[in-house]
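What you see is a predicted model, and the numbers here were worked out from it, not measured in a lab. A, B, ... follow the sequence lines: proteins, then strands. Residue 1 opens every chain. All values below come from the heavy atoms of this structure, side chains included, with hydrogens, waters and symmetry mates left out.
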There are 2 protein chains.
Amino acid sequence: MPNNQFKKSELYSFITGKASTAIARRLQKNFKQNGIDITIEQWSVLYHLWKEDGLSQQQLCDATFRDKPSITRLVDNLEKLQLVKRVASKDDRRINMIYLTPSAQELQAQSMELANQTLNEALEGVTHGQVEIAKEVLQKVYENLS
Amino acid sequence: MPNNQFKKSELYSFITGKASTAIARRLQKNFKQNGIDITIEQWSVLYHLWKEDGLSQQQLCDATFRDKPSITRLVDNLEKLQLVKRVASKDDRRINMIYLTPSAQELQAQSMELANQTLNEALEGVTHGQVEIAKEVLQKVYENLS
DNA sequence: GGCATATAGTTGTTTAAGCAACTATCTAAA
DNA sequence: TTTAGATAGTTGCTTAAACAACTATATGCC
């Protein structure tokens, strides 16, 4: 069978993304049970700011694979929760730099721990080699469509 | 390294599901370009009805991995588009059986062709063996969390 | 300098997800 | 047969995605 020929039914789960949905739900549940009151989408923005604080909204778009309106509203909500602050750039007045507040910094350790724990639950019984291949496939899919 | 120990950064893409999002977006785009005016979520409901017409909403919940309110509203919208009809079950009056209309039946061939084409675009350069492993991993993740 | 174009971000609208609370119907057990 | 509990579906609310249309600022070219 050629590489790019598959049966419909086998591939449907790739489209619906059951697995990534399930991980997101479990992580959300784990957050809730531990008193972390943010959504996964909000967390995914914070995640990139923990890696590098002071990103612009456009950089957050690229990092999170979301469009500009989505980031505008996620930042709106994160600002309401007092987890980030918009700071207008002095060099380029079109740009908002997004900075973490102290409360957001406090969330980092616990939420990353929960994220790791969730992934370990999800990948129970899956070998490292299998995960590596799955990651390669997903990365390739992403590249093919970008 | 034990099977269930991974570095954070490596696994982040599992949570965000970039790949499945990218496939869904591409499929939506391909639908639009071919004049098919339904959402991917609506299509995923039709997909199961094409396999077996006359499923209950609860069966659609299980099949599509969505909760009951989501299916209620997807069926609402599909009914507005005159693609499905709710028919109250005679055996159990709590149950709505969902039936395809002729217009929905007409959509099947073309939309399944576009779905296959989209998956082939997505999986360009990925071997059948790699896809099999990726599918196993995703299935296992789903099972671990269900 | 002035104008076309590109870039950063916002707003409006529709569709959907997730959760809780609700109604209606069915089932099983006292 | 009545009543408690389970099941099927709906509604309300908040958050988010996708897309188009918009404002404001910056850049590059004449």
Side-chain angles (χ1 to χ4, degrees), chain A residues 16-18 20-33 37-46 54-81 83-84 86-98, chain B residues 16-18 20-33 37-46 54-81 83-84 86-98:
Chain A
T16 54
K18 281 196 310 186
S20 61
T21 308
I23 295 184
R25 285 185 196 173
R26 175 64 61 93
L27 181 55
Q28 183 75 74
K29 191 178 143 197
N30 287 346
F31 278 178
K32 198 166 191 181
Q33 282 177 350
D37 251 347
I38 56 174
T39 66
I40 300 308
E41 292 80 7
Q42 290 165 357
W43 176 78
S44 80
V45 171
L46 294 179
L55 294 173
S56 70
Q57 292 188 199
Q58 184 57 53
Q59 287 173 312
L60 286 171
C61 290
D62 300 337
T64 62
F65 193 54
R66 290 184 164 81
D67 68 0
K68 287 193 282 190
S70 297
I71 290 297
T72 293
R73 279 145 182 156
L74 282 171
V75 172
D76 285 348
N77 285 334
L78 286 168
E79 243 184 350
K80 278 186 210 152
L81 294 169
L83 292 171
V84 304
R86 281 180 169 97
V87 178
S89 162
K90 283 172 186 166
D91 299 338
D92 186 335
R93 294 200 300 165
R94 292 171 305 179
I95 296 178
N96 289 336
M97 311 293 278
I98 311 301
Chain B
T16 54
K18 281 196 309 184
S20 61
T21 307
I23 294 183
R25 284 183 194 174
R26 176 63 62 95
L27 181 56
Q28 184 74 73
K29 190 177 144 198
N30 287 346
F31 278 177
K32 198 166 191 182
Q33 283 178 347
D37 250 346
I38 56 174
T39 66
I40 299 308
E41 292 80 8
Q42 291 166 355
W43 176 79
S44 79
V45 170
L46 295 179
L55 295 173
S56 70
Q57 291 188 203
Q58 184 57 55
Q59 287 173 312
L60 285 171
C61 291
D62 299 338
T64 62
F65 193 54
R66 291 184 162 80
D67 69 359
K68 288 195 282 191
S70 297
I71 290 296
T72 293
R73 281 147 182 154
L74 281 171
V75 172
D76 285 348
N77 285 333
L78 286 167
E79 243 184 351
K80 277 186 212 152
L81 294 169
L83 293 171
V84 304
R86 280 178 169 97
V87 178
S89 163
K90 283 171 186 168
D91 299 338
D92 186 336
R93 293 200 300 165
R94 292 172 303 182
I95 296 177
N96 289 335
M97 312 293 278
I98 311 301

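Listed by chain and residue number, A:His48 satisfy the side-chain contact (heavy atoms from CB on, under 4.5 Å) test with A:Ala63 (two or more places apart in sequence, or in another chain). Partners of A:Asp67 by salt bridge (charged side-chain N to carboxylate O under 4.0 Å, His left out), not counting sequence neighbours: none found. Considering only residues two or more places apart in sequence or on other chains, A:Arg66 meets the salt bridge (charged side-chain N to carboxylate O under 4.0 Å, His left out) condition with none of them. B:Lys32 pairs by the side-chain contact (heavy atoms from CB on, under 4.5 Å) definition with nothing, not counting sequence neighbours. Listed by chain and residue number, A:Asp92 satisfy the salt bridge (charged side-chain N to carboxylate O under 4.0 Å, His left out) test with A:Arg94 (two or more places apart in sequence, or in another chain). B:Asn77 is linked by a side-chain contact (heavy atoms from CB on, under 4.5 Å) to B:Gln42, B:Lys80, counting only residues two or more places apart in sequence or in another chain. In this structure A:Asp62 satisfies the salt bridge (charged side-chain N to carboxylate O under 4.0 Å, His left out) test with no other residue, sequence neighbours excluded.
A 4.5 Å side-chain heavy-atom check between A:Leu55 and A:Met97 finds every atom pair outside the cut-off.
The nearest whole Å value for the distance from the CG atom in A:Asp76 to the C1' atom in D:dT14 is 14 Å. Rounded to a whole Å, the CZ atom of A:Arg86 is 15 Å from the P atom of C:dA8. When the P atom of C:dA8 is taken as reference, atom CG of A:Leu55 falls 13 Å away, rounded to whole Å. Between the CZ atom of A:Arg93 and the P atom of C:dT10 there is a distance of 15 Å, given to the nearest Å. What separates NZ of B:Lys68 from C1' of D:dG9 is a distance of 6 Å, to the nearest Å. Between A:Lys90 atom NZ and D:dT25 atom P the separation is 17 Å, expressed in whole Å. One can place CH2 of B:Trp43 at 19 Å from C1' of D:dA18, the figure rounded to the nearest angstrom. In this structure, B:Arg94 atom CZ and D:dA8 atom C1' are separated by 6 Å, rounded to whole Å.
Nearest approach of B:Ile38 to B:Phe31, heavy atoms of both residues: O-CD1, 4.0 Å.
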When every nucleotide of nucleotides 13-23 of chain C is labelled 5' to 3' by its protein contacts under 4.0 Å (heavy atoms), B for base, S for sugar-phosphate only, - for none, what sequence of letters results? B-SSSBBB---
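Checking C:dT25, D:dT25, C:dG9 against every side-chain atom of A:Asp92, the shortest atom distance belongs to D:dT25.
Taking every heavy atom of residues 57-64 of chain B and every atom of DNA chain D, pairs under 4.0 Å involve B:Gln57, B:Gln58, by number.
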